[in-house]
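Have a look at the structure below, then the notes.
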Amino acid sequence: MTEKMVNVAVAGATGAVGNQMIRCLEERNFPVRSIKLLASKRSVGRELRFRGDLMPVEELTDESFAGVDVALFSAGGDTSLRFAPLAAQAGCVVVDNSSAWRMDTQVPLVVPEVNPHAIAGYKVKGIIANPNCSTIQMVVALNPIHRAFGIKRIVVSTYQAVSGTGKKAVDELFDQTRAMINFLGYENKIYPHRIAFNCLPHIDRFQENGYTKEEMKMVNETRKILEDDRIGVTATTVRVPVFFGHSEAVNVETREKITAVAVRKLLEESPGVEVVDEPTKNRYPLATDAAGQDLTLVGRIRQDESVQNGINLWIVADNIRKGAATNAVQIAEILVKDYL
Ligand code: 25A
Ligand code: L14
C-alpha cells in the first residue's frame, strides 16, 4: 500500500512552538506532500528550512488554507479564533495549540497516550485542540493511575520554564542573568518582575476567583481529558528561571488502596512515560534531562503517609516538545492514519 501523503500548513511557524512543529514533522517522518509556513506580516521575507530546503514564510490570510489537509496552529488564541474556522471551512483539519478552543464541548481535547478515541469528534468543527503544556505531562503520568486506582483529588504545584512564553521570554531570562552577574541594570519587559534568580507565582492572567488562567486550565482540561468531572484538581503554577522543561510536584488521592511499588510498576509499562526513580543514586527527573526528548519523566514516587490512599510524584517533560509540538504532531499522525 502506498502511504497517504498530506498537504500541511504550520500557522505561527516562526514562533518557539511552530519551529519545533516543523522539526517534529521532519524527525517523525510525517507524510508531508507539501508544506506552507505561515506567520504574521512581520515575518514575511524570512525563510525557514524544511528537509534541507529553504522555504519562504507566507502571511497567514483568509486564503491560506485552500488545498491544505492538516493545519497545525500555534499563533496565539486570537489568531486561532479568527482563522481556525476559516481553515475548517476550506476543508482542512486544524490541530490547535492555543487555549482558544480547548473547552469547547464540540472540540476534542487530546493527548494520544490518554484519549486518542476522542479525535473522532473533530468532524463537528474540523478542529482538534492540543492541551496546555502543564496539563499534558500531568495526564500522561496520571491516566494509568486513574484507570487502576480511581483518582479522587489532585494537588499540583508547577515549576515552569520561560520558553512556554515564547522566544522573547527566553531572551529576557538570558539577558537579565547576564546583567545580574555583571552588576548591570536590567529591564522587565515580558514578565511583571525579574525572572532571573526568582520565582513568580503568576502564569497567564489572574481570574476573578484569585487563580490564574494557567491554574484553571490545569483544573478544567484535566477533567475533560480524563473524562471524569468528579476528579478534584487544585493547582499553583509558578514560573522559574529555567529555559526548557516544566517540572511538577503532584499529590494524588485515590479511591482504591495505592502503593508506591504498584505505581512504579504501572508507570514502567505506561506509554510515553519513563520512570527515573533511584534516589540513592541521585537519579530523579530533571528539566535538563527532559529537554530535547519526548518522554514524560516520573520519579520521587512516594506514599503520602498523611492520608489513607495517597501518592506523591515529581513529573517533568519538555514543554515545547511533548507539551506542545510533539503532542500536536502525534494527533495529526493518528488523524491521517485513521480518519483522512
Ligand atoms: O493560547 P494563547 O494563550 O493565546 O497563546 C499561545 C501562544 O503561546 C506560545 C506561542 O507563542 C503561542 O502563540 N506558546 C509557547 N508554548 C506554548 C504551549 N506549550 C504556547 N502556546 C501553547 N502551548 P510563540 O512565541 O511560540 O509563537 C507565536 C507565533 O505566532 C505567530 N503569530 C502571532 N500573531 C500572528 C501570528 N501568525 C499569523 N498571524 C498573526 N496574527 C508569530 O509570528 C509566531 O510565529 P510573528 O510573525 O508574529 O512573529 C515572528 C517573530 O517576530 C517576533 N515578534 C513577535 N511580536 C513582535 C515581534 N517582533 C517585533 N515586534 C513585535 N510586536 C517574534 O519573536 C518572532 O520571532
Ligand atoms: O498553552 O508558559 O495555554 O507563558 C499559555 C501560556 C502555554 C504556556 C497555553 C506560558 C499556554 C504559556
Side-chain angles (χ1 to χ4, degrees), residues 11-12 15-21 72-81 84 94-104 107-111 127-140 156-174 176 188-196 198-207 211-225 233 235-248 287 290-291 296 315-331:
V17 173
N19 185 62
Q20 184 60 47
M21 283 169 163
L72 305 176
F73 270 64
S74 187
D78 295 339
T79 307
S80 289
L81 280 176
V94 174
V95 181
D96 181 42
N97 189 53
S98 82
S99 52
W101 300 96
R102 290 177 188 153
M103 294 313 297
D104 187 318
V107 173
L109 182 65
V110 178
V111 176
I127 302 170
I128 303 167
N130 202 53
N132 169 261
C133 36
S134 299
T135 308
I136 293 176
Q137 66 184 69
M138 186 167 82
V139 298
V140 166
V156 54
S157 298
T158 68
Y159 305 67
Q160 297 187 215
V162 295
S163 52
T165 317
K167 287 174 183 164
K168 280 186 276 182
V170 171
D171 293 342
E172 180 144 312
L173 173 57
F174 186 84
Q176 286 182 351
N188 302 324
K189 285 183 278 188
I190 301 297
Y191 300 120
H193 305 281
R194 192 182 84 211
I195 182 59
N198 211 357
C199 297
L200 312 180
H202 175 184
I203 296 182
D204 211 335
R205 264 175 266 156
F206 280 98
Q207 314 276 90
Y211 286 82
T212 63
K213 210 177 148 202
E214 185 80 350
E215 288 162 349
M216 295 316 295
K217 284 179 242 173
M218 292 193 78
V219 172
N220 297 320
E221 294 179 21
T222 298
R223 291 186 179 141
K224 180 167 174 177
I225 301 161
V233 185
T236 304
T237 57
V238 182
R239 185 83 61 195
V240 295
V242 166
F243 288 108
F244 294 96
H246 288 357
S247 304
E248 301 177 340
T296 296
I315 303 172
V316 185
D318 186 319
N319 54 301
I320 300 296
R321 295 182 71 115
K322 184 58 188 169
T326 304
N327 199 73
V329 174
Q330 284 176 313
I331 292 170

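Each ligand, and each atom within it, is numbered from 1 in the order the structure gives. In this chain, numbering begins with 1 at the start of the sequence shown.
Note: Ile195 CD1 to Ile190 CD1 = 12.0 Å, rounded to the nearest 0.5 Å.
Proximity of Arg102 to ligand 2, defined as any heavy-atom pair under 4.0 Å, is confined to the side chain (atoms from C-beta onward).
Note: an N/O pair closer than 3.5 Å links Arg239 and ligand 2 by distance alone. For a threshold of 3.5 Å applied to N or O pairs, the pair formed by Lys217 and ligand 2 contains at least one separation below that value. Geometrically, ligand 2 and Thr165 share a nitrogen or oxygen pair separated by less than 3.5 Å.
Counting non-hydrogen atoms of neighbouring residues, nucleotides and ligands closer than 6.0 angstrom, the OH atom of Tyr211 reaches no more than 12 such neighbours.
Between Lys224 and Glu221 there is no salt bridge, since no side-chain nitrogen of the basic residue lies less than 4.0 Å from a carboxylate oxygen of the acidic one.
Side-chain N or O atoms of Asn130 include one that pairs as donor or acceptor with a backbone N or O of Ala324 at under 3.5 Å.
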